[in-house]
Peer 1: 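Below you'll find the structure I mean.
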Amino acid sequence: MAEQAKWYVVHTYSGYENTVKATIERTVESRSLQEWIHAVSIPLETVTEVTESGVSKTFERKVFPGYVLVKMVMTDDSWYIIKNVRGVTGFVGSGTKPTPLTEEEILALGVEKREIVVNYDVGDTVRINDGPLTSFTATVEAVEKDKNKVRVSVSMFGRETPVELELDQVEVISQ
């Protein structure tokens with residue numbers, strides 16, 4: 001079941017996001033629907049605001065007010081349960097059919113994080129395994145795990161060229 005679960009966007013009345021999330025979670029718990037509805041999320045961003053007096057306040061703000069993300073297996077029953085939660089106006093999608101989010105959209109929203117194990121460090125020799133420079137050998141110059149980026153130096157046409165890639169686009173060459 002878990003591999004069939006996809007993220008869907010649920011439209012809510014403005015200001016009802018937390019209530020809708022709590023109601024869905026309570027319903028899942030009370031009716032034992034964990035195999036159908038896996039997770040409920042409200043994308044938040046941390047904002048730091050500096051007032052005129054120079055005092056900075058940090059708070060979390062909803063990235064998409066009026067929307068809640070639900071990871072679920074879409075069936076008539078699970079659709080009905082979500083649709084009938086107080087404060088829900090419907091699913092986002094074309095016509096009457098809800099449209100799931102793509103992998104790229106999920107990663108961009110930061111709802112699910114892929115954990116990438118980095119087994120190389122600055123100075124190591126790596127092989128590029130994805131993109132236009134596939135199979136090129138390079139030297140790692142910098143690793144930024146929080147940004148999912150690695151900067152490598154590739155030798156092309158007799159010159160060292162810096163290239164920025166994602167962490168999983170390179171692999172260490174076994175010695």
Peer 1: Run W79 and M74 through side-chain contact (heavy atoms from CB on, under 4.5 Å) and show every step you take.
Peer 2: CA-CA 6 Å; W79 177 87; M74 185 57 74; 3.8 Å; yes
Peer 1: I need the full list of salt bridge (Lys or Arg N to Asp or Glu O under 4.0 Å) pairs touching residues 152-163, with sequence neighbours left out, sorted by first then second residue.
Peer 2: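 Pairs touching residues 152-163 that pass the test: none.
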Peer 1: Quick one: does T102's side chain have a donor or acceptor within less than 3.5 Å of a partner on E105's backbone?
Peer 2: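 Answer holds: yes.
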Peer 1: What residues, two or more places apart in sequence or in another chain, satisfy side-chain hydrogen bond (donor to acceptor under 3.5 Å, both in side chains) together with T12?
Peer 2: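 In terms of side-chain hydrogen bond (donor to acceptor under 3.5 Å, both in side chains), with neighbours along the sequence ignored, T12 is linked to no residue.
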Peer 1: Using modelled atom types only, decide if a donor and an acceptor are shared between the side chain of K83 and the backbone of T89 within a distance under 3.5 Å.
Peer 2: yes
Peer 1: Got V47 and T58 here, is their nearest side-chain heavy-atom distance under 4.5 Å?
Peer 2: no
Peer 1: Kindly state whether the ring of H11 and the ring of Y67 have centres lying under 6.0 angstrom apart.
Peer 2: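 Yes, the ring centres sit under 6.0 Å apart.
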Peer 1: Determine, using the 4.5 Å side-chain heavy-atom cutoff (strictly less than), whether F59 and L44 are members of one ILVMFWY cluster.
Peer 2: no
Peer 1: Ion pair present between R151 and E141, side-chain N to carboxylate O less than 4.0 angstrom?
Peer 2: yes
Peer 1: Decide yes or no for M72 and Y8: does some side-chain heavy atom of the first lie under 4.5 Å from some side-chain heavy atom of the second?
Peer 2: yes
Peer 1: Rounded to the nearest 0.5 Å, how far does OG1 of T134 lie from CZ of R127?
Peer 2: 11.0 Å
Peer 1: Can D121 and V140 be said to form a side-chain contact (heavy atoms from CB on, under 4.5 Å), step by step?
Peer 2: CA-CA 7 Å; D121 207 355; V140 177; over 6 Å; no
Peer 1: When you look at N119 and E171, which way does the side-chain contact (heavy atoms from CB on, under 4.5 Å) test go after all the steps?
Peer 2: CA-CA 8 Å; N119 56 358; E171 60 190 8; over 6 Å; no
Peer 1: Which atom names give the shortest non-hydrogen contact between N129 and V170, and what distance separates them?
Peer 2: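 Scanning both residues, the minimum pair turns out to be OD1-N, 3.7 Å.
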Peer 1: What do the steps show when you test V10 against V92 for side-chain contact (heavy atoms from CB on, under 4.5 Å), and what is the final call?
Peer 2: CA-CA 6 Å; V10 176; V92 173; over 6 Å; no
Peer 1: Cluster question for you: counting only ILVMFWY and a side-chain heavy-atom cut-off of under 4.5 Å, with indirect links fine, are I82 and Y80 together?
Peer 2: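 Yes, it is one cluster - the side chains of I82 and Y80 are joined through contacts under 4.5 Å.
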Peer 1: Answer with yes or no whether the hydrophobic clustering places V122 together with V150; edges join I, L, V, M, F, W, Y residues whose side-chain heavy atoms lie under 4.5 Å apart.
Peer 2: no
Peer 1: When rounded to the nearest 0.5 angstrom, what distance separates CD in E103 from CG in L101?
Peer 2: 10.0 Å
Peer 1: To the closest 0.5 Å, what do you measure between OG (S155) and CZ (F136)?
Peer 2: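 Between S155 OG and F136 CZ, I get 9.0 Å after rounding to 0.5 Å.
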Peer 1: Keeping S78 on the side-chain end and W36 on the backbone end, is there a donor-acceptor pair under 3.5 Å?
Peer 2: no
Peer 1: Between L33 and I81, is there a side-chain heavy-atom distance shorter than 4.5 Å?
Peer 2: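 Counting from C-beta outward, I81 and L33 do come under 4.5 Å.
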Peer 1: Taking all heavy atoms of V126 and all of V152, pick out the closest pair and write down the distance.
Peer 2: CG2-CG1, 4.1 Å
Peer 1: Does a salt bridge link E144 with K149, judged by any charged N lying under 4.0 Å from a carboxylate O?
Peer 2: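 No, this pair does not count.
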Peer 1: State, to 0.1 Å, how close S56 and T48 come at their nearest heavy-atom pair, and which atoms those are.
Peer 2: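 Minimum heavy-atom contact is CB-CG2, 4.0 Å.
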Peer 1: If every non-hydrogen atom of V40 is compared with every non-hydrogen atom of I24, which pair is closest and at what distance?
Peer 2: CG2-CG2, 3.5 Å
Peer 1: Taking 4.0 angstrom as the limit, do K21 and E17 come out as a salt bridge?
Peer 2: no
Peer 1: Would you please indicate yes or no on a ring centroid separation below 6.0 angstrom for Y13 and Y16?
Peer 2: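 Aromatic pair counts; centres sit under 6.0 Å.
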Peer 1: Should T23 and R26 count as side-chain neighbours, where that means a heavy-atom distance under 4.5 Å?
Peer 2: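 Of all side-chain heavy-atom pairs linking R26 with T23, at least one is under 4.5 Å.
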Peer 1: How about E60: does its CD atom have over 12 heavy atoms from other parts shown lying under 6.0 Å from it?
Peer 2: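 Result for CD/E60: enclosed.
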Peer 1: List the atom of K62, the atom of P65, and the distance in Å for their closest heavy-atom pair.
Peer 2: O-CD, 3.9 Å
Peer 1: For the residue pair D130 and D168, establish whether any side-chain heavy-atom pair is separated by less than 4.5 Å.
Peer 2: no
Peer 1: Looking only at non-hydrogen atoms, find the nearest pair between Y120 and D124 and report the distance.
Peer 2: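 That closest heavy-atom pairing would be CA-OD2, 3.4 Å.
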Peer 1: Kindly compute the distance separating OG1 (T99) from NZ (K6), expressed to the nearest 0.5 Å.
Peer 2: 12.0 Å
